[in-house]
Structure formats: structure tokens, C-alpha cells
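Here the structure comes first, spelled out in C-alpha cells, and everything after it is commentary.
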2 protein chains.
Amino acid sequence: MARAATTSDVFNAVAEPCRRELLAALRGGEVPVAELVQRMRLPQPQVSKHLGVLRQVDLVRCRSVGRQRLYRLNAPALRPIHAWVSEFEAMWNARLDRLDDYVTQLSNTTTEPGTDTRRNDR
Amino acid sequence: MARAATTSDVFNAVAEPCRRELLAALRGGEVPVAELVQRMRLPQPQVSKHLGVLRQVDLVRCRSVGRQRLYRLNAPALRPIHAWVSEFEAMWNARLDRLDDYVTQLSNTTTEPGTDTRRNDR
DNA sequence: TTGACATATTCCACTATCGGTATATGTTGT
DNA sequence: ACAACATATACCGATAGTGGAATATGTCAA
């Protein structure tokens, strides 16, 4: 098993740069596939496939208008991600890292176990 | 090319459930690998490998103490993710989705192009 | 009904990632 | 110097994800 299935996990769906770009492109409102293809400079099948993934995790929804398909963002589906990162937000807002750095300097820090590059991080 | 390399993209690094769990386990402060192995109930090599990935994207850092290695979270590395999701936050906070639903109902919505399941989303 | 158009799906080959096992590296204590 | 310990890395087999090209589905217009 390699990773939680892309099609079932929002985190995975968003891990793909193209799909993030797609979501960004949908921030303005409904957009037909053809326009997405243009903006993304990607072959149409790829776009459709990416949209398919986003649909499966409910990050986007679409409706048919004539032969076109208008996609729109379903922002609330991003909440799990936001919630998850937010739990860590305090840790960089509260400047706890300063204490962290202190601890770091106490003993000589080895950031990269193999290659011992910088000794003073951040 | 399948996806942006796990080792170079924070989004990808975090896409793995085990790695998210690892990060969560480090929220309390520095933790030696052995303890992580215990908590995760995963073979030690897996844990080390996951830690390796997290290290490469600078989500965690570590220092050596005797033969142990103490890992700690580098929370600021999560900022890109937080920043990205936050750009969408307004869209679910502002109840714009209500308007969205309205648009949805105007024409019969087809959420799943192939399998036409529910017609009324959310 | 036929053809143009818009989009989705299938098939294929390639690569990256993951889990598992074995082994290497490095450190402490004797 | 050697053994025990802690952790990292290398190797392997399996598999899922991606891009690309071809094709299927569905809709409109004549």
C-alpha cells in the first residue's frame, strides 16, 4: 500500500501541484473545463482526470450546462486540512521557537544525521 | 513523473498519514526515536524513513544525545500549507456557500458525472 | 441521423513510494 | 577492542499515481 488513496484523502488530493492550481483557478467562481484547460496549459484529459480526483474528495462540484460542465469549488472540504495545520499554528506564532533554538544550542545540533551541514538552524 | 517529489514538497510530506501522526507526536517537545517507534506501533526502519522525509522538508529537526536522537517539530515549516488553505478560508466562513447552493439548485446539479448519485449536494 | 463539439474514461508505460527485511553506522560501556 | 544498543540506510517486491494517446459518452445543431 503506497499512501492513503489519493481519491479518498483530501490531504493527498491536494498534494498534487496541478490540483492545487486547479482549485486556485476555481476561486473566482464557476469555470467550464475548456477554460481550465487553457489556463493550466495542460492536455484536456489530464485536467479532466485531476478534476475527477477533486470531485471524489468533494473538493469540487460541477453542473452541466449544455455540453459544457461548470466546475466550482467546494471550499468547506478544505476544513480538515485547515483544522489540522491550525493545531500547530500556535507553535510558530508564540515564538516558542526561541526557546527551541535555545535548547538547540545547548548541545551541538546535528540537523542532518548523515551530512553534518549547518550547526545553527533557522 | 508521479507527483512532486515527496522529499521536496511539504504538501506531499504531509500527505502520508503516518507522517502526520509523527508530527502530532512531536507536538509535546523533543522525543527520541525509540519512543516514537513505541507510540506509532511501527517497525523502527519505517519510522526512521518517515523521519528522514520530514527532515528533508525541514518539518522536523534532531539532535544527538548519546546514542539517542531527539527529534523535535519545526512548526514554521508548516506555514506554506497554512497560508495556502487560509486563502480559501474566507469562502466557507462568509457563508458564500449559501449563494453557491442557490446557483446549484437553479439547474439540476450533477455532482458525479458518471454515476449520478445524489442530486442535492451538501 | 449525422457531424461537430465538450468532456470523461480507458489503456499503457514509467516512476516513485511504501512496507519488510537485512545490514550499516555510530555510540557507550566494559 | 568488543559487545550491546540506537538509529539510519540499502535492497527488494508490490502497487498506485501520473502523463500521454486513443477512444467513449453525451449534447447540440443542421
Side-chain angles (χ1 to χ4, degrees), chain A residues 1-9 11-22 30-57 60-71 107-108 110-116, chain B residues 1-9 11-22 30-57 60-71 107-108 110-116:
Chain A
M1 170 199 12
R3 247 174 198 171
T6 288
T7 87
S8 60
D9 184 16
F11 284 87
N12 271 295
V14 160
E16 180 65 51
C18 297
R19 289 195 286 261
R20 260 173 296 177
E21 214 178 322
L22 270 173
E30 285 184 323
V31 181
V33 178
E35 195 179 321
L36 291 173
V37 170
Q38 271 195 332
R39 289 202 208 172
M40 305 284 297
R41 304 208 166 212
L42 239 60
Q44 175 266 318
Q46 314 280 15
V47 174
S48 269
K49 277 189 278 188
H50 283 308
L51 287 173
V53 173
L54 293 175
R55 238 169 29 221
Q56 291 191 63
V57 294
V60 301
R61 290 167 181 176
C62 66
R63 64 186 177 112
S64 301
V65 171
R67 30 186 157 175
Q68 289 197 339
R69 210 144 239 178
L70 301 187
Y71 276 83
S107 34
N108 46 358
T110 308
T111 301
E112 295 293 334
T115 48
D116 191 346
Chain B
M1 170 201 8
R3 245 172 198 172
T6 287
T7 87
S8 60
D9 184 17
F11 284 87
N12 272 294
V14 160
E16 179 65 52
C18 297
R19 287 194 287 259
R20 260 174 298 178
E21 214 178 323
L22 269 174
E30 285 185 322
V31 181
V33 178
E35 195 180 321
L36 291 173
V37 170
Q38 272 195 332
R39 289 203 208 170
M40 305 283 299
R41 305 209 166 210
L42 239 58
Q44 175 266 319
Q46 316 280 15
V47 174
S48 270
K49 277 189 277 187
H50 283 307
L51 286 173
V53 173
L54 293 175
R55 237 168 29 219
Q56 292 191 60
V57 294
V60 301
R61 290 167 181 175
C62 65
R63 65 185 177 112
S64 301
V65 171
R67 31 185 157 176
Q68 289 198 338
R69 211 144 240 177
L70 300 187
Y71 276 83
S107 32
N108 45 358
T110 309
T111 302
E112 295 293 335
T115 46
D116 192 346

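The structure presented is a predicted model; accordingly, all values stated were derived computationally and were not measured. Residue numbers begin at 1 in each chain, while the letters A, B, ... track the order of the sequences.
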_Applying side chain to side chain contact (heavy atoms under 4.5 Å, CB included), can you list everything that pairs with A/Pro43, at least two apart in sequence or on another chain?_
A/Pro45, A/Gln46
*Minimal non-hydrogen separation, B/Arg20 against B/Ala15, with atom names*: NH2-O, 3.3 Å
*Rounded to the nearest 0.5 Å, how far apart are CZ of A/Arg19 and CG of A/Leu51?*
10.0 Å
*Evaluate the side-chain contact (heavy atoms from CB on, under 4.5 Å) criterion for residues A/Val60 and A/Leu22: first the C-alpha distance (whole Å), next the side-chain angles of each, then the deciding distance (0.1 Å), finally the verdict.*
CA-CA 10 Å; A/Val60 301; A/Leu22 270 173; over 6 Å; no
*Is the shortest side-chain N/O distance from B/His50 to OP1 or OP2 of C/dT17 below 4.0 Å?*
no
*Please report, rounded to the nearest Å, how far the C1' atom of C/dT27 is from the CG atom of B/Leu70.*
14 Å
*Just how far, in rounded Å, is C1' of C/dT17 from CG of A/Asn12?*
11 Å
*For A/Leu54 and C/dA8, what is the distance between atoms CG and C1' respectively, to the nearest whole Å?*
15 Å
*Partner residues of A/Glu21 under the side chain to side chain contact (heavy atoms under 4.5 Å, CB included) criterion, sequence neighbours left out*: A/Met40
*Per A/Glu16 side chain, nearest of listed nucleotides D/dG19, D/dA8, C/dT7*: D/dG19
*To the nearest angstrom, how far is B/Leu51 atom CG from D/dA6 atom C1'?*
13 Å
*Find the distance B/Gln56:CD to C/dA16:P and express it as a whole number of Å.*
14 Å
_On the nucleotide D/dA8, are OP1 or OP2 found under 4.0 Å from the side-chain N or O atoms that B/Tyr71 carries?_
yes
*asked:* If the condition is salt bridge (charged side-chain N to carboxylate O under 4.0 Å, His left out), which residues does B/Arg39 pass it with, not counting sequence neighbours?
replied: B/Glu35
*Return the value, rounded to whole Å, for the distance between atom CD of A/Gln38 and atom C1' of C/dA6.*
13 Å
*Which residues share a side chain to side chain contact (heavy atoms under 4.5 Å, CB included) with B/Gln38, sequence neighbours left out*: none
*asked:* Does the protein touch nucleotides 25-30 of chain D at the base, only the backbone, or not at all? Give it as B, S and - per nucleotide, heavy atoms under 4.0 Å.
replied: --BSS-
*asked:* My understanding is that only one of A/Arg61, A/Arg69, A/Arg63 makes a salt bridge (Lys or Arg N to Asp or Glu O under 4.0 Å) with A/Glu30; could you say which?
replied: A/Arg63
Hey, what are the protein-to-nucleotides 20-23 of chain C N/O distances that come in under 3.5 Å?
unit_1 : atom_1 : unit_2  : atom_2 : d
C/dG20 : OP2    : B/Gln46 : NE2    : 3.1
C/dG20 : O6     : B/Lys49 : NZ     : 2.5

*Can you tell me the distance, in whole Å, between the CZ atom of A/Arg41 and the C1' atom of D/dG19?*
18 Å
_Distance (rounded to the nearest 0.5 Å) between A/Ser48 OG and A/Arg55 CZ_ = 8.0 Å
*In whole angstrom, give the distance that lies between atom CZ of A/Arg55 and atom P of C/dT7.*
12 Å
